[in-house]
Novice: 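Handing you this structure, nothing more for now.
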Number of protein chains: 2
Amino acid sequence: MSGNGSGKEIDRRVRRTREAIRKALVALIVERGYDAVTVTDVIARADVGRSTFYAHFTDKRDVLAANLEELAGFLRASSAAGPDRLFAFSLPMFEHIDEQRDLVRALLGRRGGGAVVPYIEQVLATIVREELLSRLPAGAAPSDLDLVVACVVGAFMALLARHADGEISTTPRQLDAAFHAVVAPGVQAILHQR
Amino acid sequence: MSGNGSGKEIDRRVRRTREAIRKALVALIVERGYDAVTVTDVIARADVGRSTFYAHFTDKRDVLAANLEELAGFLRASSAAGPDRLFAFSLPMFEHIDEQRDLVRALLGRRGGGAVVPYIEQVLATIVREELLSRLPAGAAPSDLDLVVACVVGAFMALLARHADGEISTTPRQLDAAFHAVVAPGVQAILHQR
DNA sequence: TTCATAACCGAACAAGCTGTTCGCTTATGA
DNA sequence: TCATAAGCGAACAGCTTGTTCGGTTATGAA
């Protein structure tokens with residue numbers, strides 16, 4: 001918890017412990033689902049003392065913070081990579097999910113217990129919001145912009161969750177196509193309306 | 001749990017007990033949020049014996065079944081009422097939410113703990129799916145219909161959640177307008193494509 | 001009104017989880 | 001080499017859940 005400055009080298013023991021806990025939690029979530037995993041399970045699997053766990057993390061939830069930061073970074077990078085296409089983050093994200101199936105499934109699907117979804121939603125909302133603003137004449141933000149953002153993010157997250165749950169066996173391309181087919185026309189209309 | 005045939009008269013004590021528990025739970029969720037409410041809290045507030053609770057319900061979650069059934073019925077009725085407009089359930093639902101603010105807020109917002117959302121999503125998905133099918137030539141269901149349904153439901157639920165959380169102070173009409181503006185053009189295009 | 005019965009009570013229980021404490025041991029990196 | 005930060009693990013109080021069971025009371029039918 002002390003100064004986490006990026007320049008500081010971290011004690012190897014700390015690194016090992018944190019990693020062990022993180023991996024243990026993810027593995028257990030994949031196996032049983034978020035809600036069913038207890039701290040006791042995690043420390044047993046990670047082979048770490050109880051007090052050690054609480055010395056590093058406050059919570060089950062807290063352990064996932066690192067993973068989330070990583071995922072959020074990926075989202076931001078994806079959206080910056082293809083600025084010409086509307087909602088360019090979509091396809092890369094679906095592909096990313098497809099690769100890291102187990103982990104993302106554990107975090108975003110129903111088994112994830114919704115502990116993580118709100119965080120991703122917020123990151124996504126920021127991205128979508130800025131993308132829309134950048135395509136509007138400066139200072140011409142419609143009053144209901146946030147509602148549009150919520151719609152878009154909601155649609156995307158719904159596809160994500162379904163895919164993570166494996167309820168729909170589809171390719172990233174199909175998911176991306178469906179997302180754009182449903183959402184893009186409406187958004188384009190809103191953008192060009194003014 | 002025994003035969004719940006609609007014709008059977010239910011013992012007054014049973015009715016009273018169930019109602020007391022239901023009301024207690026809802027009130028507590030509104031106050032503290034779903035996750036923070038324990039069964040012990042509920043029976044204390046409802047002034048009901050512990051064993052009595054478990055004689056009627058298996059769970060916190062189980063108690064909400066009745067409320068959910070009611071809400072689902074409302075959704076179905078709304079969609080049947082205006083069959084000429086695309087996604088006619090939208091406006092009535094937003095209005096309904098606006099009225100029963102506290103309850104729905106407790107169940108659908110962040111404080112609801114996501115215990116209820118999946119259920120509503122499924123009811124909604126069925127409605128949307130059938131509405132889309134009814135607007136297509138018989139037997140011409142596109143293979144990615146379920147993806148489209150997921151998108152639409154996701155967008156709607158996102159607006160619902162935001163409104164329930166009070167993060168956006170908007171009128172039902174505005175919500176409905178945004179929902180249709182974003183989603184309708186894309187869906188119309190998909191429908192007329194064939 | 002009577003009365004068999006279903007519903008309720010509530011105390012007690014086992015089992016489980018959480019988060020903290022504390023004295024002791026060990027790995028680390030300067 | 002060695003001071004120190006990290007980890008250990010047992011023990012703990014406090015909370016939760018779900019079940020059991022003998023005794024009490026309201027209910028609705030006769």
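Each chain gets a letter, A, B and so on, in the order its sequence line appears, and its residues count up from 1.
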Novice: Taking atom C1' of D/dA6 as reference, at what distance in whole Å does atom CD of A/Glu19 sit?
Specialist: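 About 17 Å, once rounded to whole Å.
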Novice: Whole angstroms only, please: what is the CG-C1' distance between B/Asp35 and C/dT18?
Specialist: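 That distance rounds to 15 Å.
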Novice: What is the distance, to the nearest angstrom, from the CZ atom on B/Arg32 to the P atom on D/dC15?
Specialist: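 Taking CZ of B/Arg32 and P of D/dC15, I get 13 Å after rounding.
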Novice: Whole-Å distance between C/dC9 C1' and B/Asp47 CG?
Specialist: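 Atom CG in B/Asp47 sits about 11 Å away from atom C1' in C/dC9.
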Novice: Checking A/Arg32 now: which residues fulfil salt bridge (charged side-chain N to carboxylate O under 4.0 Å, His left out) with it, not counting sequence neighbours?
Specialist: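 Counting only residues at least two positions away or on another chain, A/Arg32 forms a salt bridge (charged side-chain N to carboxylate O under 4.0 Å, His left out) with A/Asp41.
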Novice: At under 4.0 Å, does any side-chain N or O of A/Ser51 touch on OP1 or OP2 of D/dG9?
Specialist: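 So the side chain of A/Ser51 is outside the cut-off, no N or O lying under 4.0 Å from OP1 or OP2 of D/dG9.
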Novice: Determine: side-chain N/O of B/His56 to OP1/OP2 of C/dC8, distance under 4.0 Å, yes or no.
Specialist: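 Checking C/dC8 against B/His56, a side-chain N or O does come within under 4.0 Å of OP1 or OP2.
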Novice: For nucleotides 16-18 of chain D, give me every protein contact, N/O to N/O, under 3.5 Å, one pair per line with atom names.
Specialist:
residue	atom	partner	partner atom	Å
D/dT17	OP1	B/Val39	N	3.1
D/dT17	OP2	B/Val39	N	3.3
D/dG18	OP2	B/Tyr54	OH	3.2
D/dG18	N7	B/Arg50	NE	3.0
D/dG18	N7	B/Arg50	NH2	3.3
D/dG18	O6	B/Arg50	NE	3.4

Novice: Could you work out, with salt bridge (charged side-chain N to carboxylate O under 4.0 Å, His left out) as the rule, every residue matching A/Asp35, not counting sequence neighbours?
Specialist: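 With neighbours one apart ignored, the set is empty.
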Novice: Could you tell me if B/Arg18 sits above the aromatic ring of B/Phe57, with its cationic atom closer than 6.0 Å to the ring centre and no more than 45 degrees from the axis?
Specialist: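 Checked: cation-pi criterion met.
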Novice: Heavy-atom count around A/Arg45 CZ within 6.0 Å, excluding the residue itself: above 12?
Specialist: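 It does: A/Arg45 CZ has more than 12 such atoms within range.
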Novice: Tabulate below the donor-acceptor pairs under 3.5 Å that side-chain atoms of residues 118-130 of chain A make, not counting sequence neighbours, or state none.
Specialist:
residue	atom	partner	partner atom	Å
A/Tyr119	OH	A/Glu69	OE1	2.8
A/Thr126	OG1	A/Gln122	O	3.1
A/Arg129	NE	A/Asp146	OD1	2.8

Novice: For residues 77-98 of chain B, which residue pairs qualify under salt bridge (Lys or Arg N to Asp or Glu O under 4.0 Å), counting only residues two or more places apart or in two chains?
Specialist: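 Applying salt bridge (Lys or Arg N to Asp or Glu O under 4.0 Å) to every pair that reaches into residues 77-98 of chain B, excluding sequence neighbours, yields B/Arg85-B/Asp176.
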Novice: Which letter, B, S or -, goes with each nucleotide of nucleotides 25-30 of chain C from 5' to 3', with contact meaning a protein heavy atom under 4.0 Å?
Specialist: --BSS-
Novice: What is the distance from CD1 of A/Ile43 to P of C/dG19, rounded to the nearest Å?
Specialist: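 Answer to the nearest Å: 12 Å.
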Novice: Just say parallel, tilted or perpendicular for the rings of B/Phe179 and B/Phe156, cut-offs at 30° and 60°.
Specialist: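 Ring orientation of B/Phe179 relative to B/Phe156: perpendicular.
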Novice: Inspect the contact between B/Arg12 and B/Glu19 and indicate whether a charged nitrogen and a carboxylate oxygen are less than 4.0 angstrom apart.
Specialist: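 A salt bridge is absent here (no side-chain N lies under 4.0 Å from a carboxylate O).
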Novice: Are any side-chain N or O atoms of A/Gln174 and backbone N or O atoms of A/Thr171, one a donor and one an acceptor, separated by less than 3.5 Å?
Specialist: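 It does hold such a pair.
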Novice: Would you tell me if any nitrogen or oxygen in the side chain of B/Thr17 comes within less than 4.0 Å of OP1 or OP2 on C/dC8?
Specialist: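 Looking at the OP1 and OP2 atoms of C/dC8, one of them is under 4.0 Å from a side-chain N or O of B/Thr17.
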Novice: Could you state the atom-to-atom distance from CD1 of A/Ile21 to P of C/dG19 in whole Å?
Specialist: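 Going from A/Ile21 (CD1) to C/dG19 (P), I get 14 Å.
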